[in-house]
Every structure is written in structure tokens, then in C-alpha cells.
Amino acid sequence: MTVQLTTEQVEQAQAEQTQAEQTEQAEQTEQAEQAVPFTRTEICPEARVAALRVLASGRVATGAQAAMFEREFAARVKARHAVAVSSGTAAIELALRAMRLPPGGIVLVPAVTFCGVAQAVLHAGLRPLLVDVDPVTAMPSPATVAAALQGHAHGRIRPAAMLMLHFGGAPAPLPELAAAAGLPLYRVIEDAAHGPGTTIHGRAVGALSRAACFSFSSASNLPIGEGGMVTCDDGELAARVRRAGRNGMSADVRQRDGTAGSAWHFTVEDGGLKANMSDLEAAIGRAQLRRLPGWQRLREQLAAAYTLRLHDVGTLLPPSIPTGGRHAWNLYVLQVTERYGRSRDELAAALAERGIGTAVHYVPLHRLGYFRHAALRPISGLPGADQLFPRLLSLPLYPGLTENRVDRICTELHRLAR
């Protein structure tokens, strides 16, 4: 039986459907507005214009933009030289290669760091020795460095170099750590993936050790999406990094690109890999670099807001505040103690149900299967890292985050406390 609807009934049904769709859309918009992602990449308008100019030029490979980005970044961190590369991990591998360390030499590496750091050490033909961390700072201390060297299965060993992370943007005590390892600072490389904006005793991270290695990933204080930088005061080291990042070729791609007067002739005397930065990435990086001071101030304000609003939740430990430098606040890492009433993973899941993203930085390397045999460990184990890891929880922290959203996150952390 066919039912005939009047024009009025049809119009009413259409109106009801439209209203339902609008209500659903409004609910989805409200949910999206209430959701707080763990990170959101900020690309400023100037960077978008710069990227379009490079695309329009038809010259997107390594060129003038990369060269200018290197000079501007070196000036920012007060280093004499900077070499733009494809990633922070590549930066570490290239810096280690350029140091000409003995094959198989031992490099001290924090047990709590990104897995790519240890991979870079191995790819450079070296061996990582994991160093335990202080459960408060999440970084090695002079005591844990000394323990790693004295308490090894092969007896006290002499490391070839040290690789230290400025965890979360907090300055690592480089001179003290180097002294504990019996190494001069020219045998120390800084993992400055969290480091743009960090200072140690008034000096910007970037020229304090033999080399500093930066990352420009989407979650970096200076986000591009990908890319990295090696900075140093040693001209020969910078030249080695540049050659190794161009497959070991003696001629830079900018010298053999087919333009008038360029030459194709080159030789290869050293090993290397393909790790140059494109002009497209460099153009974005140059524009973003000019925004960095303002973004750093916003990060400091947001970190202070977190600490203020959570000061009365004694079962959540805030990041330690450095006394010997400036924190760049790449990460805001809480420690969820046993007295909070929920485990770190339970809390992360409960926050996710409420639309709040979190992350864990990092899984200790000795808990990852590959490094159980590829990395060396102290015979006494890594108790600091084991104590710290189940507590680590990074909260959202980026320039686009508002204090209202920080309020909401902190309100949920109060409510979820048992």
C-alpha cells in the first residue's frame, strides 16, 4: 500500500531532518572544541607563504634557503657553524661519525631517551652503554655516570664519548657529567631535541659541547615536520658532518645542480648517508625561527599554570625546576605516584575517555627487546629508570594550548585522584 504524503508533511520531515543534522553537527563541534590533543603543530602564516614561494620557484632541493637557515640558526644559539640535516636522529649519527671515534667505541647514553638515539650510536659503528637516571630529573647524574663505568661486567671502562639529553627542555649539567665520565667536553654531544630555548648558566644550548643535535619534528619547540641541525664551533667537524650527510661526496649538491657554471666532479673519501635538508623545510624553519621567542614565553606561562593549579595534588609530582639554567618546556612531564590511587596507564586511559591526550617519554631502552643485546648495561641494573618509568606522563604543552584548557586538564586530574 502506497502512502501519499502532503507537501506540508514532506516539508516538515525535511525540516526535522535538517534540525537533527544541525544538532548532531553542533554536538560534534562541541566535542571537538572540548577535546585537547596531546600536541598540535603550529605553522605560522609566514612559513606557509615561504613554502609556497619555494614551491613556485621549482627549486625545492637543498639550496639557498637551507644555507640561510643554517646561518640564522647558528646565530640564534651563538654557535659558529650549523649544518641542516634530515632529522634529529641523523644529526646524532652524523656528529658521531664526524668525531672519528674508534670503531666499536663505547658511548654513554641515558637509559631514558628516544630509541632513535641508541640506533644512531649503533649506525655510527659504536656501542651504547646505558646510564641510569635520577628519578627526580629523569637525567643521568654524576653518581649514575660513575656507577655505569665502575659497575660494568668488563670492569671499569673508558668511554669514547658521551651523549646527553636535555630531558623535556631542562638543562643537563654537562660539565659535571663529563667530569664524572673522565671526558673533556669535546667528547660530549648534546641531544638537544628538546633544547631550542634551553640555556645553561646563561649560555644557549648549541655551542657548549663538541656538537649539539636539534630536532624539528612536529612536536618540537621549533616545528617543521621533519628536519634537524648540528651546531658546533669546530669548522672541521662541521665540514665532516656536511660531507657525511651528502653520502660522503666532496662536492655539495649546491655545487653540482646543473646551473650555469656548476661542475659535476666529485669524489668520495668517507662513508656517509643521504641526510640533507630541502629548501622547502628550510624556508618553513626560517619563518618559524622568528616566532620562537614568543612561543617560548607561551610555553613558560603554560608550564607555570600547570604547576600552580596542581600544587595541592601532592600525589602528582611536577617536573623539577633547574637552578643552573632556563627550561625550554618542550615537555611537561608529571610523575604519577602510587598514592594518587590510579596507575599512570589507568590515568592516561581515563583522560583519553575525557578527550585529553597524553604521552609517555620514554620507555627505558633496556626494556626494548633490540637493545637488550645491542646496548651495554651496568651489572647493577638501572633501578632509577625502572622506578621512574611507571610514573612518567606527559601532559599537553604547545603554544596553541589555552589556559582554559589547562584549567580543564587540571580539573580532571583533581577529580580522578582517589
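Side chains included, hydrogens not; waters and symmetry mates left out as well; all remaining heavy atoms used.
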key: Heavy-atom donor-acceptor pair, Ser215 side chain to Ala193 backbone, under 3.5 Å   = no
request  = Apply the side chain to side chain contact (heavy atoms under 4.5 Å, CB included) test between Glu70 and each candidate in His81, Met229, Arg286; give the one that qualifies.
outcome  = Met229
Show every donor-acceptor pair shorter than 3.5 Å between a side-chain atom in residues 161-177 and any protein atom, with sequence neighbours excluded, or say none if there are none.
| unit_1 | atom_1 | unit_2 | atom_2 | d |
| --- | --- | --- | --- | --- |
| His166 | ND1 | Ala172 | N | 3.0 |
| His166 | NE2 | Glu190 | OE1 | 2.9 |

task = Can you see which heavy atom on Cys213 is nearest to which on Ala91, and at what distance?
result = SG-O, 3.6 Å
key: Derivation and outcome, salt bridge (Lys or Arg N to Asp or Glu O under 4.0 Å), residues Arg243 and Glu269   = CA-CA 9 Å; Arg243 284 196 301 272; Glu269 301 294 342; over 6 Å; no
query = Between the main-chain N or O of Ser218 and the side-chain N or O of Thr41, is there a donor-acceptor pair closer than 3.5 Å?
reply = yes
note = Which of Arg290, Arg53, Arg291 passes salt bridge (charged side-chain N to carboxylate O under 4.0 Å, His left out) with Glu46? Answer is Arg291
inquiry  = Keeping Asn247 on the side-chain end and Met249 on the backbone end, is there a donor-acceptor pair under 3.5 Å?
reply    = no
ask   = For the side chain of Asn330 and the backbone of Gly197, is there at least one donor-acceptor N/O pair under 3.5 Å apart?
value = no
key: Shortest non-hydrogen separation from Lys78 to Asp233 and the atoms involved   = O-OD1, 4.4 Å
ask   = Got a sec, which residues hit salt bridge (charged side-chain N to carboxylate O under 4.0 Å, His left out) with Arg415, two or more places apart in sequence or on another chain?
value = Glu412
remark   = Heavy-atom closest pair (Ala79 atom, Thr231 atom, distance to 0.1 Å) is CB-CB, 3.9 Å
request  = For the residue pair Phe69 and Phe216, categorise the inter-ring angle as parallel (less than 30°), tilted (30 to 60°) or perpendicular (more than 60°).
outcome  = tilted
Side chains of Thr307 and Tyr332, donor plus acceptor under 3.5 Å = yes
task = Mark yes when over 12 heavy atoms from residues, nucleotides or ligands other than Arg367 sit less than 6.0 Å from its CZ; otherwise mark no.
result = yes
query = Within a reach of under 6.0 Å around CZ of Phe38, are more than 12 heavy atoms found that belong to other residues, nucleotides or ligands?
reply = yes
ask   = Looking only at heavy atoms, what is the nearest atom pair of Tyr398 and Leu302, with distance?
value = O-CD1, 3.2 Å
message = Under a 3.5 Å cutoff, is there a donor and acceptor pairing between the side chains of Asp134 and Ser141?
response = no
note = Nearest heavy-atom approach of Pro135 to Leu388 is O-CD1, 3.3 Å
key: Reference residue Arg299; test side chain to side chain contact (heavy atoms under 4.5 Å, CB included); the match among Leu401, Asn221, Leu331   = Asn221
inquiry  = Tell me if a side-chain donor or acceptor on Ser209 pairs with a main-chain N or O of Ile189 at a distance below 3.5 Å.
reply    = no
query = Counting distance only, does the side-chain N/O of Tyr306 pair as donor-acceptor with the main-chain N or O of Pro396 below 3.5 Å?
reply = yes
message = Salt bridge or not between Asp234 and Arg210? Use side-chain N to carboxylate O under 4.0 Å.
response = yes
query = Would you say the side-chain atoms of Gln288 pair up with the backbone N or O of Glu42, donor to acceptor, closer than 3.5 Å?
reply = yes
key: Residue pair Arg344 / Leu392: nearest heavy atoms and the distance that separates them   = NH1-O, 2.9 Å
Donor-acceptor pairs are to be reported for all side-chain atoms of residues 95-117 against protein atoms at under 3.5 Å, with residues two or more places apart or in another chain.
| unit_1 | atom_1 | unit_2 | atom_2 | d |
| --- | --- | --- | --- | --- |
| Arg97 | NE | Glu93 | OE2 | 3.1 |
| Arg97 | NH2 | Glu93 | OE2 | 3.1 |

query = Is the backbone N or O of Glu72 less than 3.5 Å from a side-chain atom of Arg76, with the two atoms forming a donor-acceptor pair by type?
reply = no
